[in-house]
Amino acid sequence: MVSSSSSSSSRTLFSLALLLCSSVFSSATTKIGSGYRLISIEETPDGGFIGHLMVNKKSNTYGPDIPHLQIFVKHETDTRLRVHITDAENHRWEVPYNLLPREQPPLLKASIGAKSRKISSWAASEVAGAELIFSYKADPFGFAVKRRSNGDVLFNSSADGADPFGNLVFKDQYLEISTKLPKEASIYGLGENTQPSGIKLQPNDPYTLYTTDVSAINLNTDLYGSHPVYMDLRNVGGVASAHAVLLLNSNGMDVFYRGSSLTYKVIGGVFDFYFFSGPTPLSVVDQYTQFVGRPAPMPYWALGFHQCRWGYHNLSVVEDVVENYRKAQIPLDVMWTDDDHMDAKKDFTLSPVNFPFPNMTAFLAKLHSRGMKYIVLIDPGIAVNNSYGTYQRGMASDVFIKYDGEPYLAQVWPGAVYFPDFLNPNTVSWWKDEIARFRELVPVDGLWIDMNEPSNFCSGKCQIPKDRPCPDKGPRWICCLDCKNLTKTKWDDPPYKINASGQHVPLGFKTIATSAVHYNGILEYNAHSLYGFSQAIATQKALQELLQKRPFVLSRSTFVGSGHYAAHWTGDNQGTWENLRYSISTMLNFGIFGVPMVGADICGFYPQPTEELCNRWIEVGAFYPFSRDHANFASPRQELYVWDSVAKSARNALGMRYKLLPYLYTLNYEAHTTGAPVARPLFFTFTNFTKSYGLSTQFLLGDSVMVSPVLKPRKSEVKALFPPGTWYSLFDMTQAIVSKEGHYFTLDAPLNVVNVHVYQNTILPMQQGGMTSAEARLTPYNLVVTFPAGMSEAEAKGKLFLDEDELTEMKLGNGYSTYINFYATVSNNTVKIWSEVQEGKFALSKGWIVGKVTVLGLSGKGNALSINIDGKPLSDVSKVEFNASEQKHLEKLEGGDRKKSMLIEVGGLELPIGKNFAMTWKMGIMG
């Protein structure tokens, strides 16, 4: 749904952000105070240690210093180090431990214990773990984290006179800490924002973290989510290593990255740092998601294509969209409606005129009979309406955020609303009950929670006007309540102003007033950026309990750990070539954040994409982990069948997606068990390939499928970077790219073509596609085996996860799942391909078979085939066919001979995928 600010005001915000950028960074260099000194240190029974810090010299800039701090340091695992700094005498706000479960630090000890040892001036020491070493300097206090293996310093907060930053600052509403960084460090993360320069962070760009309803067309501005984590990738002497740093803090913050240093300026809470040692990008995300929560498992249908629009004004329009996709032979799994289905924009209602209940019941029965699904939007604001059951029950259960003891009044699409407080256990129960009541009316298959930064069309303390209607006949996003600004409290007007919305707007601008109060007296000032996260938790748990199936939740606002509960889309983008390009960086960032199920609105949300742009966008969007076309009511219709050329591109690109569903679903399993992103930057696989460190115009699916799209108008070719090795086109497997050292290649890319390649040494499980994921899942498998072109000795491997995809848990060992490892070798002119099956009973019960094996890169043809199933020879191979084609190479040679290679298809197979098989054949000499 559209942001509360219009697109024109969004552009204004962007312009102002650019003007303010230089002034923001000049203020970043101001040094405050003289830091702290470490006065005592004490070991803890659990293997950590506690230290006490005293302020050196008081400073009143941004308020008085907290004089006495407690630092707790612990190696929580071999690869994770925690450094927690807080007020030693008074409890401070932290991300609730029940919201993000983790180990609690020791209780505050304001007095120095008898077992503690005094620290002499300038003393230095260290505490070593398995992978990381924590060291400190006592006065002025600073700490460093380094690798045990090679001594590489990952974080160093100590400042000297030459540094552009000062020492540790800790005040009630202003916390500052910095780290030095080497020039060779490539930094990624710190979102959510739209980064015009690509995935790699650029020095002196502003990075503000505070969940905000500002359109994603605004660049380098705090957007819908807050993820105060970054990955640092370094390559020294040809050896790459990665680590990550998380500052677990929900308060608003500015992060200043200068290239040689990084400074946090936070307006509350504590310093709760977690360091993840890596040393590979994949292991970093594994360690990070082990801590914040593994990504949610997705049902199989969620990996299909989704269609939505704000402006499907009645059910007949929705029905026509479904049928038009079917007529155009474009795959479609999930149909969505924005708020159009609602009665007067009220959550959990159905318009009796435009979406009458009997018609909806028939529509959903038809949709479900085709294996398709239906999802609707829910906004958090609950209409203030005494005849509205959801409101009545909410008031009775006392579930709303308060101001001066009364529910805080705001305005969103229905008009005057109250916001549920999802930190309140009563709210979670009430929310589940409202979802249950609605599903009795409309059996939706998932929920879309939007506007949950949260968005408010007004600011300050408001009242419903008595002399006029609200909303009136004007645009609903124009505030019509009677409001007054709130500036008297330190929560509404803190001493340090973060660069909110790119122009230092007040924290409560177009959201809940930051002096409003949640359950147990928690201030909105502290909990603001947790709103969407807490709503996602409540929604996911409610759906799972009600459906007894794997839930699907899509959330606009996210925080650390949101991926454990929800998918994400990148918000209100625009149908421009620039926004198409930006979408790749944002998608890749969310993989690092532990939210792998992510995608952008295909063809753009704001008007209006051209036909050519929509062609190119579906060629990218077909390979987003979450693939959905969505548009604004003011946009011309842009469903994929509207233009014949776009329909052709959609059939091509989505056709390939649906063939790749087994691979994508296996990646979903890997994400759920290891955190591995579905869509990844190239450096995740090719970590030593430094040319890929800033690459943001291509991406990988898993570790071996690369998408190289056209991102500029009027182009019929694309320049793509190919890491060293052999790459095969998935659309024409006779085409091979041989990149000896890693090069850019210019590829043909006419309007309806997207370049997708698979890397050598891979076994890629594919199926035949279909109009729905359920239909595609019934088709035979094709195993695509890729060897380096023309090599006489090589190997390949792959994997496949299968399960009853709507079970709440995604795991082996439940009797409803199968896991298969595939292997292949070529050696001594013999090709061998085999599988090792774990828990094959489930796959056998489904009757799934391998119908074809396609081998790429062989140096000769095949003969003398033999096949074993579960160790027993297959005597009748009369239906098996060998087909061979010579491959065409596009390569850049750095010496050596050009090798020839073959594509070999072994068809006519009926190998049960739930049984171990092995096939071998001899290679003949290539003609």
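Position 1 is the first residue of the sequence; numbering continues from there.
With 3.5 Å as the limit, one finds no donor-acceptor pair spanning the side chains of Thr427 and Asp421. A donor atom on one side chain and an acceptor atom on the other are not found under 3.5 Å apart for Gln202 and Asn220. For the residue pair Asp492 / Thr489, a side-chain donor-acceptor distance below 3.5 Å is found, with atom types taken as modelled. Looking only at atom types and distance, the side chain of Tyr408 has no donor-acceptor partner in the side chain of Glu524 under 3.5 Å away. Under the 3.5 Å distance criterion, with hydrogens and angles disregarded, no donor-acceptor pair is assigned to the side chains of His528 and Thr514. For the residue pair Asn251 and Asn526, a side-chain donor N or O sits within less than 3.5 Å of a side-chain acceptor on the partner.
Looking at heavy atoms from C-beta onward, Leu168 lies out of side-chain contact with Ser157 at the 4.5 angstrom threshold. For the pair Val412 and Phe419, the minimum side-chain heavy-atom distance is below 4.5 Å. Looking at Lys200 and Leu233, their side chains never come closer than 4.5 Å, going by heavy atoms from C-beta outward. At a threshold of 4.5 Å between non-hydrogen side-chain atoms, the residues Pro420 and Phe400 count as touching.
For the atom pair CD of Glu192 and OG of Ser226, the computed distance is 10.0 Å after rounding to the nearest 0.5 Å. Separation of atoms CZ (Arg556) and CD (Glu453) is listed at 4.0 Å; rounding is to 0.5 Å.
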Between Trp431 and Ile378, is the side-chain contact (heavy atoms from CB on, under 4.5 Å) condition met? List the steps.
CA-CA 11 Å; Trp431 189 248; Ile378 298 177; 3.5 Å; yes
Is there a ring-ring contact (aromatic ring centres under 6.0 Å, His included) between Phe155 and Phe275? Walk through the geometry before answering.
CA-CA 9 Å; Phe155 192 96; Phe275 300 89; 5.2 Å; yes
Worked verdict on Tyr207 versus Tyr230 for ring-ring contact (aromatic ring centres under 6.0 Å, His included):
CA-CA 12 Å; Tyr207 298 100; Tyr230 68 85; over 10 Å; no
For side-chain contact (heavy atoms from CB on, under 4.5 Å), just list the numbers for Ile199 and Asn589, CA-CA rounded to whole Å, side-chain angles, deciding distance to a tenth of an Å, and then say yes or no.
CA-CA 7 Å; Ile199 186 174; Asn589 263 328; 3.9 Å; yes
Determine whether Arg234 and His243 satisfy the following criterion, side-chain contact (heavy atoms from CB on, under 4.5 Å), listing intermediate values before the conclusion.
CA-CA 9 Å; Arg234 304 176 186 181; His243 68 275; 3.7 Å; yes
Apply side-chain contact (heavy atoms from CB on, under 4.5 Å) to Asn579 and Trp617, showing your working.
CA-CA 10 Å; Asn579 277 256; Trp617 209 317; 4.0 Å; yes
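Of all non-hydrogen atoms in Ile512 and Pro454, the two that sit nearest each other are CD1-CG, 3.4 Å. In terms of heavy atoms, Ser186 sits closest to Tyr693 at OG-CD2, 3.8 Å. Here the shortest heavy-atom pairing between Tyr224 and Gly571 reads CE1-CA, 3.5 Å. Residue Asp254 comes nearest to Phe256 through the heavy atom pair CB-CE1, 3.6 Å, listed as atom of the first residue, atom of the second, then distance. Looking at every heavy atom in both residues, Tyr565 comes nearest to Leu99 through OH-O, 4.5 Å. In plain terms, the two heavy atoms of Asp205 and Ser197 that are nearest each other are OD2-OG, 4.4 Å.
Under the 3.5 Å distance criterion, the side-chain polar atoms of Arg102 are matched with a main-chain donor or acceptor of Leu100. Side chain of Gln173 to backbone of Gly63: no donor-acceptor contact under 3.5 angstrom is found. Ser583 places a side-chain N or O within donor-acceptor distance of the main-chain N or O of Leu580, the cut-off being under 3.5 Å. Within the 3.5 Å criterion, the main-chain N or O of Ser501 finds a donor-acceptor partner in the side chain of Asp222. Side-chain N or O atoms of His564 include none that pairs as donor or acceptor with a backbone N or O of Pro295 at under 3.5 Å. Counting only distance, with no hydrogens or angles, the side chain of Ser529 and the backbone of Tyr210 share no donor-acceptor pair below 3.5 Å. A donor-acceptor pair is defined here as one N or O able to donate and one able to accept, closer than 3.5 Å; no such pair exists between the side chain of Asp163 and the backbone of Phe165. Formation of a donor-acceptor pair under 3.5 Å by the Asp272 side chain with backbone atoms of His84 is not found in this model. Here the side chain of Asn456 pairs a donor or acceptor atom with the backbone of Gln411 at under 3.5 angstrom.
Aromatic ring orientation, Phe633 versus Trp310: perpendicular (interplanar angle above 60°, classes split at 30° and 60°).
Tested against Ser455, the residues Asp213, Thr212, Thr511, Thr211 include a single side-chain hydrogen bond (donor to acceptor under 3.5 Å, both in side chains) partner, Asp213. The one candidate from Trp448, Phe605, Tyr624, Phe626 that meets the ring-ring contact (aromatic ring centres under 6.0 Å, His included) condition with Trp569 is Trp448. For the pairing with Asn452, the side-chain hydrogen bond (donor to acceptor under 3.5 Å, both in side chains) check across Ser555, Ser557, Ser534 returns one residue only, Ser555.
In this structure, the ring of Tyr188 has its center less than 6.0 angstrom from the ring center of Phe683. Annotation: Phe590 is in aromatic contact with His227 [ring centroid separation under 6.0 Å].
When the side-chain contact (heavy atoms from CB on, under 4.5 Å) test is applied to Ser459, the partners found at least two apart in sequence or on another chain are Phe509, Lys510. Under the side-chain contact (heavy atoms from CB on, under 4.5 Å) criterion, Thr194 pairs with Ala216, Leu219, Leu223, Tyr582, sequence neighbours left out. Among residues two or more places apart in sequence or in another chain, the side-chain contact (heavy atoms from CB on, under 4.5 Å) test is passed with Tyr174 by Ile32, Tyr62, Val169, Lys171, Glu176, Lys265, Tyr496. Partners of Asn424 according to the side-chain hydrogen bond (donor to acceptor under 3.5 Å, both in side chains) rule, which considers only residues two or more places apart in sequence or in another chain, do not exist here. The disulfide (SG to SG under 2.5 Å) check on Cys458 picks up Cys479, with sequence neighbours excluded.
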Under 3.5 Å, side-chain donor or acceptor atoms of residues 596-603 against the rest of the protein: list the pairs with distances, not counting sequence neighbours.
from   : atom 1 : to     : atom 2 : distance (Å)
Asp601 : OD1    : Arg628 : NH2    : 3.3

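With salt bridges taken as basic N to acidic carboxylate O contacts below 4.0 Å, none links Asp379 and Lys345. Taking a cutoff of 4.0 Å between a charged side-chain nitrogen and a carboxylate oxygen, Asp87 and Arg92 do not qualify as a salt bridge. Between Arg309 and Asp338 there is no salt bridge, since none of the side-chain N atoms of the basic residue sits less than 4.0 Å from a carboxylate O of the acidic one.
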